[in-house]
Peer 1: 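Below is a structure I'd like to ask you about.
For ligands, and for the atoms within them, numbers begin at 1 and follow the listed sequence. Model, not experiment: these values are computed from the prediction.
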Amino acid sequence: MPWPALSTSALLAVRPVINARGIYTDLGGTRLSPAVWARMTDANHVFVPMPDLLDAAGSRLADLLGAEAGTVTCGAAAAIALMVGAAMTRGDGAAGERLPDATGLRDEVVLQGSHRCRYDRQIRLTGARLVVAEDGPAMARAIGPRTAAVYVPAHRDGAPGTLPVAEVVTLAHRTGVPVLVDAAWLCWPLDALPRLVATGADVVCASAKYFGGPNAGGFIVGTRAMVSAVRAIDFTDYESGPHRAFGRPFKLDRHTVVGVVAAFEEWLAMDHGERWASCARRATALCAALAGETRIRAYPAGFTADERLVSDPVNAVVVEPDAQSPPAARLAARLAEGSPRVLCLVDNGRLVFDLEVIAEEELAPLALRIREELQWS
Ligand SMILES: *Cc1c(COP(=O)(O)O)cnc(C)c1O
């Protein structure tokens with residue numbers, strides 16, 4: 001007898017949450033707009049050769065950002081591995097088949113000390129080694145005949161004591177070494193990505209989760225040579241081509257490719273003033289719903305993509321428990337266990353409710369859960 005099918009609601013009922021943390025891979029990324037969803041549905045109705053779809057999607061993204069070429073990837077983490085693999089193999093299909101065996105290839109990726117970040121782990125998937133250079137002069141010494149590329153996580157660009165990306169580009173290009181930029185969440189402000197492309201960095205990648213796209217989506221834009229070297233090791237032509245390329249596990253659905261482009265187009269056309277204003281309205285509404293609670297102080301704040309609290313622009317509510325209340329960490333743990341589960345952030349003894357992906361209709365149950373925990377404590 002066949003297993004009864006599990007309905008979507010039964011599947012999601014496993015552990016549904018009110019996501020007051022924001023955009024995190026572990027929580028499924030972001031919400032797709034109805035228009036993006038509709039364009040992904042269109043893609044479901046037609047078959048297309050994936051290389052042609054990637055060409056079309058990539059050239060659209062490149063045009064939007066002032067780059068020569070582009071392609072879609074299954075996220076920025078995959079993009080980092082593919083960019084490094086491309087820098088090591090430069091379009092040599094046989095070399096792309098050998099990875100992560102880097103014998104005979106340039107196999108070092110240079111980065112600055114304060115640019116170490118959790119995603120640089122993807123660099124090593126290719127068989128490359130990280131070479132950490134503490135500052136500019138050390139970076140100049142570190143670049144040599146084994147250097148495949150220099151890696152810059154763009155959100156750390158300009159950290160004290162580091163060379164800015166434009167100077168890294170000048171230095172690396174002296175010896176023809178490509179510069180790879182992880183700009184995963186730099187889709188905001190809108191000029192950040194085109195500025196990075198304009199530095200002359202060879203390839204720049206971004207993650208679609210931050211611009212309203214699929215959680216398993218992202219893209220790379222850059223020079224024609226580097227993007228075609230990425231394409232030479234990506235998941236396409238594995239079954240039909242001569243090489244068992246490195247990137248086969250990083251495969252994409254055609255609706256994901258379309259969703260990445262659709263979401264990025266929508267993001268560029270969006271009224272971002274209204275996007276922030278709508279976050280601020282949700283913050284005001286949540287503060288108002290908590291106004292009667294005397295054991296806390298609730299106020300609007302901004303929670304940044306690099307996880308810092310700022311005053312502006314507002315996309316969150318901070319709740320500070322007073323000395324009589326349970327500590328923030330305990331309140332957060334109880335919110336996460338209750339029904340519905342509410343996931344928020346804890347920062348320095350304060351609860352942070354990021355409202356970026358909170359829907360209007362979730363505000364009332366969210367406020368109710370916070371008030372319940374305060375009353376029971
Ligand atoms: C989220 C993120 C990534 C990974 O992006 P995915 O699209 O989830 O693979 C890489 N770098 C930074 C800085 C990120 O925030």
Peer 1: Quick one: nearest non-hydrogen protein atom to atom 6 (P) of ligand 1, plus distance?
Peer 2: Ala76 N, 3.3 Å

Peer 1: Considering distance alone, does some N or O of Cys74 sit under 3.5 Å from an N or O of ligand 1?
Peer 2: no

Peer 1: How does Ala77 reach ligand 1, if at all, at less than 4.0 Å between non-hydrogen atoms: by side chain, backbone, both, or neither?
Peer 2: both

Peer 1: Give the atoms of ligand 1, by number and element, whose distance to some non-hydrogen atom of Ser207 is under 4.0 Å.
Peer 2: 5 (O), 6 (P), 7 (O), 8 (O)

Peer 1: Taking atom types as modelled and ignoring hydrogens, do the side chains of Arg195 and Thr199 form a donor-acceptor contact shorter than 3.5 angstrom?
Peer 2: no

Peer 1: Checking a contact table here: which protein heavy atom is nearest atom 11 (N) of ligand 1, and how many Å away?
Peer 2: Asp182 OD2, 2.8 Å

Peer 1: Under 4.0 Å from a heavy atom of Thr25: give me the atoms of ligand 1 that qualify, with their elements.
Peer 2: 8 (O)

Peer 1: Regarding Glu274 and Arg281, does a basic nitrogen lie under 4.0 Å from an acidic carboxylate oxygen?
Peer 2: yes

Peer 1: Tell me: protein heavy atom nearest atom 2 (C) of ligand 1, and distance?
Peer 2: Lys209 NZ, 3.2 Å

Peer 1: Hey, are Arg60 and Glu265 close enough for a salt bridge, meaning a charged N less than 4.0 Å from a carboxylate O?
Peer 2: yes

Peer 1: Do me a favour and list the nearest non-hydrogen protein atom to atom 13 (C) of ligand 1 with residue, atom name and distance?
Peer 2: His155 CE1, 3.3 Å

Peer 1: Under 4.0 Å between a Lys/Arg side-chain N and an Asp/Glu carboxylate O for Glu372 and Arg369?
Peer 2: yes

Peer 1: As an exercise, state the distance from SG of Cys344 to CG of Leu351, rounded to the nearest 0.5 Å.
Peer 2: 5.0 Å

Peer 1: For the residue pair Asp202 and His173, confirm or rule out a side-chain donor-acceptor distance under 3.5 Å.
Peer 2: yes

Peer 1: To which protein heavy atom is atom 15 (O) of ligand 1 closest, and what is the distance rounded to 0.1 Å?
Peer 2: Tyr210 OH, 2.7 Å

Peer 1: Under 4.0 Å from a heavy atom of Trp185: give me the atoms of ligand 1 that qualify, with their elements.
Peer 2: 13 (C), 15 (O)

Peer 1: Run the ring-centre check on Phe211 versus Phe264 and record whether the distance is less than 6.0 Å.
Peer 2: yes

